[in-house]
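All remarks here apply to the structure that follows.
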Amino acid sequence: MEIINAKQNQIIARKNDKVKYWYLIQEGSVLQKFGFSEVRLEKNAIIGILEKDIFLCDYIAGEDTVLAGFICENSEDLKNLLTGQEKIRNIFLKASMEQRHQMLCLYSDLYNKARQFHIFVENIYNDYKTFCGKYKIEEQHFLRIEHFNSLKMQHKAESWEINNSNSIINNYMQEYLQLMEKDDSLTVGAIMEAAAQMRRFTLGIGEIESYLSYNKDILVSDSSNDLLELFFELSVKTYAKKYDIAPITKDMHLIIKVAEKLNVYNKRMLNRRFAEFKNYDYSSDTSQGINGAGDSETVRREIDIMEEDCIAHILEYAGFNDEDIESIYNMIEQYRDLPDRMSIDNEIYALRKKLTSVFYDIYYKVFMRAVKDEKTLTPILEMFLNFGFMDVSFVGEEHAKDLYELTAHLDICHSEHIYTIYEWLKCIYRGEKSPSKNEFDMDFPAYLADLCKKGKISSEQAASYQHNREMKVDFEIKNMFPSVNKITYGNISKFCPILCKNDLINAIEKMLVTSEKLENALNEIRKIDYSAFYREILFSDPDKGINCERIMKEVLPDFILMPNAGTRVIMWQETSGPKSDTPGRFMFPIFTALDVDDLMLGVVGYFRWEMCRRLQGVHWNDIRDNSLTAEYCSYLQFYRKNHDLSADAKERIKNALMRVQNNYREVFIKDYVNWIKFESKGSFRLNKVSRGILVRYCPFAKALRNELKTNPMYQFLISKFEADTAKKLQRYNSVYTRYVKAGGEITEDLKENLLFYQM
């Protein structure tokens, strides 16, 4: 076991990181953070016990904490760890029971909150309709209530599990521990069963938190488009009619009270909204709402998507003059009124091309105004920036309503490595991300250097433009954005950046590519192909004997969601810059009817090939310098002479090459998909040669190797791979020992490298 000292607020494990260690808390405490809820793990609790391959939560030291880290990948490791260790056996068994119970308590609390929240919203809205009828006031259309449903769960805790846990913890803990400790199989079985339950409860907690986070704005929101505002406006109109508003204000107080009890809102926002109506003087001006906007503004928030001229709204915000607005408007109307927008007729193709150019000009102008003052953004503008929406007539009323509702919940399409195109461009504007390369493989500095070389700008201008935020955004919108938007759409000849109904072939909710879908798809691949995103970086400490050591580090890619309903994904860059330890850039459509898991699998295969090409440079297909691409090229180039291939296998390779016009990369990607989807499960789809290459360069995780190496088709290949890996591990252990003796410190990167060769 390795002793680890963690300072307060130090991150011990991050969600979506690979589980490399389990951690036993020896002193202090750790906060297990889900979304907005958390569990405090005290002494003898175990971090990692509920996870299998990927951490499902963030774990942060609640105070200065001492942990013991140890490797435990499966039940066999756990059994070996506990054999003959009576004290540890008791600690692990007790921890699994107590942590399961803690999680069930949190689950039950959140589940009850979600159920009560739904009931309250339904009841309070019925109160609103009753008040409108009673006081003869016209009901305001509240679009959000149409999309509000009760909680539907995939990962649910059963009542018997809750009752069972309550009985063990509250009544029979000692007896249960004594029984389970009698036998290794009972001990390991009880711990692994509790761990499996905790995994499911964690996923259930995530579902409930997502439900509350997604729907909380229906009650109280920062934008005031909520039930509280609905009741307030009703109270203003009721007061104007000289009726008693006490029953209405009572419900308003109740809304705030329920919102506070839910504990999912920003407290400052709640206090501000509460103060707005509490301090409102009804007698001073009955025409004004809480925010001084009046009834007409509230109605506009709800009906502008259906009745307002969205095209004019976008163009006016972009700052076009009247003449340009009319010209652009006429062009968009001409396209909208076409009997067949997907026609490849020359005239229609030319119109689409012209409209595409205008679209990105509009986008740049809207973005530059929005990024400088986001308070001016309306749902229509957000729909334009994130989805390519231009008007209701293009997408249809139902889809327009769904898109409008989605603008309030775009956080579900954003995480640490996942961005909508609008969020991505904001990162570039703020200098957090560098602009992407253009179609000629030029990044922004290279582009400026090229302009300077051609005499279009001076060297002084090139130097000053390096830090010009608007030019960086302009470069991204004019280069990466149009190219990738067209590619991810999937049909280049019929592409138009305006979102249209014919592309939305399913419900918006089903087609939406969320961060959760992307993370789950990526993690499923990482569980099988553990080395997919590892790459070599250099470590040096000459004073302590290490001049230049190559070590492995995992670098996950950035995902950018393009504003279209598409069918393709693309790996645009293997890295973000010249350094190999920067994230790649994967582009997905924000809406797709295809399976995200399959799309992810294909793009990771593409990344595998292109990353190898980048690292190998000019030797990428030189068999004298062994690599994934070199060996695959040699295998496909000389397959006819390969005695390890049967006649049937050679015929299949011939047909595969014909289908992709001798593109070796495409053959590899197809084999990689079969490797992950089928071969990892023992269903053989590859030939002997391709399997041998993939075992070496895209090896399965240790648990899968253990399952497969008993099979004669894998036995020799896996044994050789593990023998080679063991030699590398032995060498690194020797290097690390010398380094520590020289006074060096084993950093997190060095630890990760060592763990890589143990996976």
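Computed over heavy atoms, backbone and side chain alike; hydrogens, waters and symmetry mates excluded.
- Aromatic ring pairs are classed by plane angle as parallel below 30°, tilted from 30° to 60° and perpendicular above 60°; the pair Phe559 and Phe586 is perpendicular.
- For the 3.5 Å distance criterion, the side chains of Arg685 and Ser690 fail to qualify, holding no donor opposite an acceptor.
- Between Tyr732 and Phe539, the ring centre distance reaches or exceeds 6.0 Å.
- In this structure, Glu260 does not pair ionically with Lys257, as no charged nitrogen and carboxylate oxygen lie closer than 4.0 Å.
- Nearest heavy-atom pair across Ser37 and Leu110 is OG-CD1, 3.8 Å.
- A centroid separation of less than 6.0 Å is found between the aromatic rings of Phe148 and Phe117.
- Between Ile525 atom CD1 and Lys677 atom NZ the span is 10.5 Å, to the nearest 0.5 Å.
- Classification of the Phe70-Trp22 ring pair by plane angle, with boundaries at 30° and 60°, yields perpendicular.
- Defined by atom type and a distance below 3.5 Å, a donor-acceptor pair is present between the side-chain atoms of Arg738 and Ser734.
- Relative orientation of the His409 and Tyr214 rings is parallel, given thresholds of 30° and 60° on the angle between their planes.
- Considering all non-hydrogen atoms of both residues, Ala95 and Ala45 come closest at CB-CA, 4.3 Å.
- Here the straight-line distance linking atom CD of Glu51 with atom CE of Met198 works out to 9.0 Å at 0.5 Å rounding.
- Exactly one of Lys20, Lys18, Lys553 qualifies for a salt bridge (Lys or Arg N to Asp or Glu O under 4.0 Å) with Glu752. That residue is Lys20.
- Rounded to the nearest 0.5 angstrom, Leu262 CG and Phe36 CZ are separated by 8.5 Å.
- Residues passing the side-chain contact (heavy atoms from CB on, under 4.5 Å) test with Leu704, sequence neighbours excluded: Ile528, Ser680, Phe700, Glu707.
- Comment: Glu549 engages Arg731 in a salt bridge, judged by a side-chain N to carboxylate O separation of less than 4.0 angstrom.
- Defined by atom type and a distance below 3.5 Å, a donor-acceptor pair is missing between the side-chain atoms of Arg268 and Asn271.
- Taken from NZ in Lys79 to OG in Ser185, the straight-line distance is 5.0 Å, to the nearest 0.5 Å.
- Between the OG1 atom of Thr575 and the CG atom of Asp581 there is a distance of 9.0 Å, given to the nearest 0.5 Å.
- Contact record, Ser576 with Thr582: N-OG1, 3.0 Å, taken as the closest heavy-atom pair.
- For the atom pair NZ of Lys517 and CG of Asp595, the computed distance is 9.5 Å after rounding to the nearest 0.5 Å.
- Using a 30° and 60° split on the angle between ring planes, Tyr107 and Phe201 fall in the tilted class, from 30° to 60°.
- The two residues Glu209 and Gly35 make their nearest non-hydrogen contact at OE1-N, 2.6 Å.
- Glu536 and Ser580 share no donor-acceptor pair across their side chains, judged by distance under 3.5 Å alone.
- Aromatic ring centres of Phe721 and Tyr714: separated by at least 6.0 Å.
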